[in-house]
Amino acid sequence: MKNTFRLVRKLSAGLLLASLLLLLFAGGFYGIKGYQMYRDAVNEKSLAERVEDVRGMEGFTPYSELPRFYIQATISVEDRRFWGHRGLDFIAIGRAAKRDLRAGAFEEGGSTITQQLAKNMLFTKEKKMERKAAEVFAVAALESEYTKEEIFELYVNMADFGGGYHGIRQAAKGYFEKEPSGLSDAESVLLAGVPNAPSAYSPDKNMKQAVRRAGQVLKSMVRDKVITQEEAKELAGQIR
């Protein structure tokens, strides 16, 4: 019996060691491929040039002209620890990894606003491990060279808001015939929820789904103590 237990312990230790070595190998493999993907992207066009391209777009809206309520709504629902992390939210990544394991598939999840900006600015949307690794290098560069306010404004000026609208100004004008600075709190909540899945939450395609998503935004804002439950209920009544 003792010999059997020893054998089981040895096998378990061997399997654990093999698993760790496999993880290290996979990490190194995708890390190298990701770095090469990042270098290829910035060699094609530097990060600074890409940023200036965004800032030069017609209708670019600087951070100072965005409603504070819209900023709060977007951060609450997309990246609640945005102001505190350095581009990667390891708590969100861990939760996403658990979901992936349960689903038995690699899904998009745990991405910060900085990661989403990196993806939109430098890479394709194809869900590949090397692209996720490449994002890490791009995120490090963005977070070291630009302020959080600059990162946020770049993100919302590149985001897809459905309905053929790209960027917060197009979305505000297209859906509400307003400049971003003129958005009401209810309108800000509605738009904050769209980029997560533009084809599903676009107000001109599926208002019912857009309203449901707005409810998730409000719930996030209550959780983060940006608004009270009573204020959320009042705003929900304005989103129709």
Side-chain angles (χ1 to χ4, degrees), residues 26-27 29-51 53-55 63 66 70-101 103 105-162 166-168 191-201 213 216-217 220 224:
F29 175 77
Y30 285 114
I32 292 169
K33 292 196 73 173
Y35 180 71
Q36 187 58 56
M37 181 180 286
Y38 167 69
R39 292 308 311 168
D40 288 344
V42 294
N43 285 336
E44 182 181 331
K45 181 178 284 190
S46 73
L47 187 60
E49 289 174 312
R50 292 172 188 269
V51 168
D53 284 347
V54 178
R55 288 174 172 167
Y63 184 88
L66 295 169
Y70 169 73
I71 295 169
Q72 292 173 317
T74 301
I75 289 173
S76 279
V77 76
E78 287 291 335
D79 186 3
R80 64 186 298 202
R81 285 173 282 272
F82 175 71
W83 297 111
H85 62 60
R86 293 293 297 167
L88 297 174
D89 186 343
F90 293 103
I91 295 173
I93 289 170
R95 288 173 180 164
K98 282 185 178 179
R99 289 196 300 270
D100 289 350
L101 287 171
F106 173 64
E107 299 176 348
E108 201 69 34
S111 292
T112 64
I113 283 173
T114 315
Q115 284 177 275
Q116 292 178 58
L117 173 62
K119 177 180 67 178
N120 292 338
M121 189 178 287
L122 286 95
F123 309 116
T124 67
K125 294 183 179 181
E126 191 173 1
K127 298 177 183 179
K128 286 187 173 182
M129 287 300 294
E130 55 262 42
R131 196 214 75 209
K132 296 298 288 186
E135 280 179 17
V136 174
F137 297 101
V139 160
L142 283 165
E143 290 278 343
S144 65
E145 295 174 30
Y146 300 94
T147 66
K148 288 288 190 179
E149 289 82 3
E150 289 174 319
I151 288 169
F152 186 87
E153 74 178 12
L154 289 165
Y155 165 71
V156 299
N157 277 281
M158 289 195 75
D160 182 356
F161 286 86
H166 287 82
I168 184 61
L191 289 186
V194 176
N196 179 263
S199 59
Y201 300 136
R213 174 63 175 167
Q216 294 174 342
V217 177
S220 297
D224 295 337

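Throughout, numbering of the chain's residues begins at 1 and tracks the sequence. Quick caveat: nothing in here was measured; it's all calculated off a predicted structure.
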Residues forming a side chain to side chain contact (heavy atoms under 4.5 Å, CB included) with E44, sequence neighbours excluded
R50
How far apart are the closest heavy atoms of F123 and A41, and which atoms are they?
CE2-CB, 4.0 Å
Please tell me if the side chains of V42 and F137 come closer than 4.5 Å, counting only heavy atoms from C-beta onward.
no
So, do D224 and Q72 sit near enough that their side-chain heavy atoms are less than 4.5 Å apart?
no
Evaluate the side-chain proximity of S220 to E78: yes if any heavy-atom separation is below 4.5 Å, no if none is.
no
Any luck finding a side-chain donor-acceptor pair between T114 and K148 under 3.5 Å?
no
Reported CG-to-CZ distance for the pair N157 and R55, which is rounded to 0.5 angstrom:
10.0 Å
Taking all heavy atoms of A118 and all of V139, pick out the closest pair and write down the distance.
CB-CG2, 4.4 Å
Nearest 0.5 Å, please: how far is OG in S76 from CD1 in I71?
12.0 Å
Measure the acute angle between the ring planes of F152 and Y63, then classify it against the limits of 30° and 60° as parallel, tilted or perpendicular.
perpendicular
Reported CG-to-OG distance for the pair D53 and S46, which is rounded to 0.5 angstrom
9.0 Å
Under a 3.5 Å distance rule, please check whether D160 uses its side chain to pair with a backbone N or O of P198 as donor and acceptor.
no
Given side chains that start at C-beta, do those of T74 and F82 come closer than 4.5 Å, heavy atoms only?
no
Give a yes or no on whether the backbone of G87 and the side-chain of T112 come within a donor-acceptor separation of less than 3.5 Å.
yes
I would like to know whether E150 and L142 meet side-chain contact (heavy atoms from CB on, under 4.5 Å); could you show each step before the answer?
CA-CA 9 Å; E150 289 174 319; L142 283 165; over 6 Å; no
For Y38 and A141, which heavy atoms make the closest approach, and how far apart are they?
OH-CB, 3.5 Å
Between Q116 and N120, does any side-chain donor sit less than 3.5 Å from a side-chain acceptor?
no
With the side chain counted from C-beta on, respond yes when L122 and E135 share a heavy-atom pair under 4.5 Å apart, and no when they do not.
no
What are the two closest non-hydrogen atoms of F161 and L191, and how far apart are they?
CE2-O, 3.5 Å
Verify whether one side chain among R213 and Q216 offers a donor that lies under 3.5 Å from an acceptor in the other.
yes
Quick one: pull up CD in Q115 and OH in Y155 and give me the separation to the nearest 0.5 Å.
12.0 Å
Do the non-hydrogen side-chain atoms of N196 and V77 ever get within less than 4.5 Å of each other?
no
Once you round to the nearest 0.5 Å, how far does CD of E49 lie from NZ of K45?
6.5 Å
